[in-house]
Every structure is written in C-alpha cells, then in structure tokens.
Amino acid sequence: MKKIALLSIAAIATMFLSTAVLADVQSLRGDKLNTMAKKPANLKIVNVKGGIERSYKLQPPMVPHEVDKYEINLKNNGCMKCHSEATYEKEKAPKVGDSHYKDRDGKILKAVSSRRYFCNQCHAPQMGADPLVQNNFQGAK
Ligand code: HEC
Ligand code: HEC
C-alpha cells in the first residue's frame with residue numbers, strides 16, 4: 001500500500017515536471033508543444049508520370065503511383081502483376097531490376113528472390129508533403 005502511494009506521488013510529480021519543461025520546447029513547425037496540435041493535412045499518394053528522379057544510381061526508385069490496392073503476402077505479390085518479367089511489357093511497367101532475381105551468392109533465380117519479395121521494404125510511395133525543415137541535399141548526378 002505504502003509502495004503504491006509513493007509510486008503515484010512520483011508519477012504526479014513527473015507529470016508536472018514534464019509540462020513545465022515542454023512549455024519551453026518548440027517543435028520543428030515552430031509551434032509550442034503545449035498548444036493544441038493542428039489536424040494533419042489530408043494528403044494523398046501522388047502519381048508522377050514518368051517516375052520520380054533518383055538521387056543516386058543504386059537508389060531503390062520511389063514508387064510513382066498509388067499502392068493501397070496491391071497486397072503482398074505469402075501466396076501472392078500484387079506488385080509482380082505488373083513488374084515481373086512475364087507481365088511488364090503488357091502492363092507497360094518497368095521490369096524489376098535484374099538484381100531482384102539473384103540470391104545472395106549471385107545465382108540467378110526463376111522467381112523474384114526472397115530478399116526482394118517485400119517491395120515496400122525498399123520502395124516507398126510519396127505523399128507530396130513539404131519538408132518540415134529546409135534541406136539543401138543534392139543528389140549525386
Ligand atoms: C497495375 C500495374 C502496376 C502494379 C500492380 C504496380 N505497379 Fe509499379 N509501376 C507501374 C507503372 C505503369 C509504372 C511506370 C509509371 C511511370 O513511369 O509513369 C510503375 C512504376 C513503379 C516504380 C518506379 C520505377 C522507376 O524506375 O522509377 C516503382 C519503384 C514501382 N512501380 C513499384 C511498385 C510496387 C512496390 C508495387 C506494389 C506495391 C507496384 N509498383 C505495383 C505499374 C504497376
Ligand atoms: C532490398 C531492397 C529492395 C527490395 C525488397 C525491392 N527492390 Fe526494387 N530496387 C531496389 C534497388 C536498390 C533498385 C535499383 C538498382 C537495381 O536495379 O538493383 C531497384 C530497382 C527497381 C526497379 C527499377 C528497375 C530498373 O531497371 O530501373 C523496379 C521497377 C523495382 N525495383 C521494383 C520492385 C518490386 C516490384 C519489388 C518487389 C517484388 C522490389 N522492387 C523489391 C531495391 C529493392
């Protein structure tokens with residue numbers, strides 16, 4: 001009983017202390033953290049015709065289209081409906097890189113390698129959100 005009372009006093013003290021500290025902290029958007037948060041912008045995934053420019057040669061290219069409908073699970077890879085060796089021409093989609101058919105020893109496989117099976121592990125769709133802070137990064141050309 002005594003222990004519980006002590007613990008709750010400690011918890012209440014921490015709550016007061018952290019509000020006092022937070023009042024002086026500014027977020028990246030310049031808001032004080034103790035003001036009401038703004039509703040997040042209702043952004044949608046952007047479709048970019050012709051693809052999104054890469055920052056360097058071996059970068060996994062970003063996904064220039066919506067992805068919500070394409071499921072990847074044990075039996076089925078929705079992305080390969082368009083990006084596989086067998087379907088890419090018909091779907092007018094870029095074929096997955098040849099590297100996607102190699103195992104770790106460089107052996108060429110018939111199906112996409114398990115190292116490259118979960119496409120969204122490396123390829124991310126884009127929402128067109130403005131960066132929170134200025135950034136002068138330039139891609140290697
Ligand atoms: C219905 C067909 C279709 C499906 C399914 C599909 N894509 Fe695509 N994808 C395309 C087409 C077409 C393009 C080319 C768009 C363009 O360049 O205008 C493309 C482009 C891309 C690119 C850009 C390649 C580059 O070199 O710039 C990536 C990465 C990509 N898709 C990943 C994915 C992933 C990951 C999935 C599954 C979540 C997926 N795609 C599912 C049709 C598809
Ligand atoms: C482990 C990271 C990784 C995973 C997982 C992965 N990719 Fe890639 N992908 C890359 C990299 C890196 C490149 C660029 C270099 C290359 O082709 O290997 C690339 C290139 C591509 C390209 C452009 C090929 C070209 O010749 O321009 C497409 C399309 C693509 N990937 C689709 C997919 C799809 C579809 C999947 C899922 C079946 C997938 N990738 C899984 C890393 C990955």
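Just follow the structure's listing: the first ligand is 1, and inside any ligand the first atom is 1.
- With ligand atoms numbered from 1 in the order given, ligand 1 contributes 23 (C), 29 (C) to contacts under 4.0 Å with heavy atoms of M62.
- For atom 8 (Fe) of ligand 2, protein N, O or S atoms closer than 2.8 Å were enumerated as H100 NE2, H123 NE2, with waters left out.
- Taking every heavy atom of R115 and a limit of under 4.0 angstrom, the matching atoms of ligand 2 come to 1 (C), 5 (C).
- Proximity to F118 (heavy-atom distance under 4.0 Å) selects the following atoms of ligand 2: 5 (C).
- Across all their heavy atoms, I72 and Y117 have their closest contact at CG2-CE2, 3.7 Å.
- Pairs passing the salt bridge (charged side-chain N to carboxylate O under 4.0 Å, His left out) check and including a residue from residues 53-65, sequence neighbours excluded, read E53-K141.
- Taking CG of D105 as the reference point, atom NZ of K107 lies at 8.5 Å (rounded to 0.5 Å).
- Residue C82 holds its SG atom at 11.5 Å from NZ of K92, rounded to the nearest 0.5 Å.
- With 3.5 Å as the limit, one finds a donor-acceptor pair spanning the side chains of E66 and N47.
- Remark: ligand 2 atoms within the under-4.0 Å shell around heavy atoms of L58 are 12 (C), 15 (C).
- The G78 neighbourhood of ligand 1 comprises atoms 5 (C), with distances under 4.0 Å to a heavy atom of that residue.
- Distances from ligand 1 to the non-hydrogen atoms of K69 include no value under 4.0 Å.
- Applying the 4.0 Å criterion to heavy atoms of N77 picks out, from ligand 2, the atoms 38 (C).
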Next on the checklist: Apply side chain to side chain contact (heavy atoms under 4.5 Å, CB included) to residues T87 and M80 and explain how you reach the verdict.
Outcome noted: CA-CA 8 Å; T87 56; M80 293 302 269; over 6 Å; no
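- Closest to atom 12 (C) of ligand 1, if we only count protein heavy atoms, is K92 O, 3.4 Å.
- In plain terms, the two heavy atoms of E91 and K81 that are nearest each other are CG-O, 3.7 Å.
- Using a 4.0 Å cut-off to heavy atoms of K49, the atoms of ligand 1 that qualify are 18 (O).
- Linking Ile, Leu, Val, Met, Phe, Trp and Tyr residues whenever their side-chain heavy atoms come within less than 4.5 Å leaves V67 and I52 in two separate clusters.
- Across all their heavy atoms, K102 and I108 have their closest contact at CE-CD1, 4.3 Å.
- Look at R54 and you'll find a heavy atom under 4.0 Å from some atom of ligand 1.
- Surrounding CG of N136 are at most 12 heavy atoms belonging to other residues, nucleotides or ligands under 6.0 Å away.
- Only the side chain of M80 comes within 4.0 Å of ligand 2, judged by heavy-atom distances.
- Nearest heavy atom pair, residue H123 against residue P61, reads ND1-O, 2.7 Å.
- Evaluation of the side-chain contact (heavy atoms from CB on, under 4.5 Å) rule for K95 yields E85, Y88, D98 as partners, not counting sequence neighbours.
- M62 is not listed as a side-chain neighbour of P125, based on a closest heavy-atom distance of 4.5 Å or more.
- Looking at every heavy atom in both residues, M127 comes nearest to I45 through SD-CG1, 3.5 Å.
- Within the sub-2.8 Å shell of atom 8 (Fe) of ligand 1, the protein contributes these N/O/S atoms: H65 NE2, H83 NE2.
- Distance from atom 18 (O) of ligand 1 to its nearest protein heavy atom, with residue and atom name: G50 N, 2.7 Å.
- Of all the heavy atoms in C79 and Y70, the pair that sits closest is N-CB, 4.4 Å.
- The single protein non-hydrogen atom nearest to atom 24 (C) of ligand 2 is K95 O, 3.4 Å, given as residue, atom name and distance.
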Legend entry - Check against side chain to side chain contact (heavy atoms under 4.5 Å, CB included), N77 and C119: CA-CA 9 Å; N77 186 323; C119 319; 3.9 Å; yes
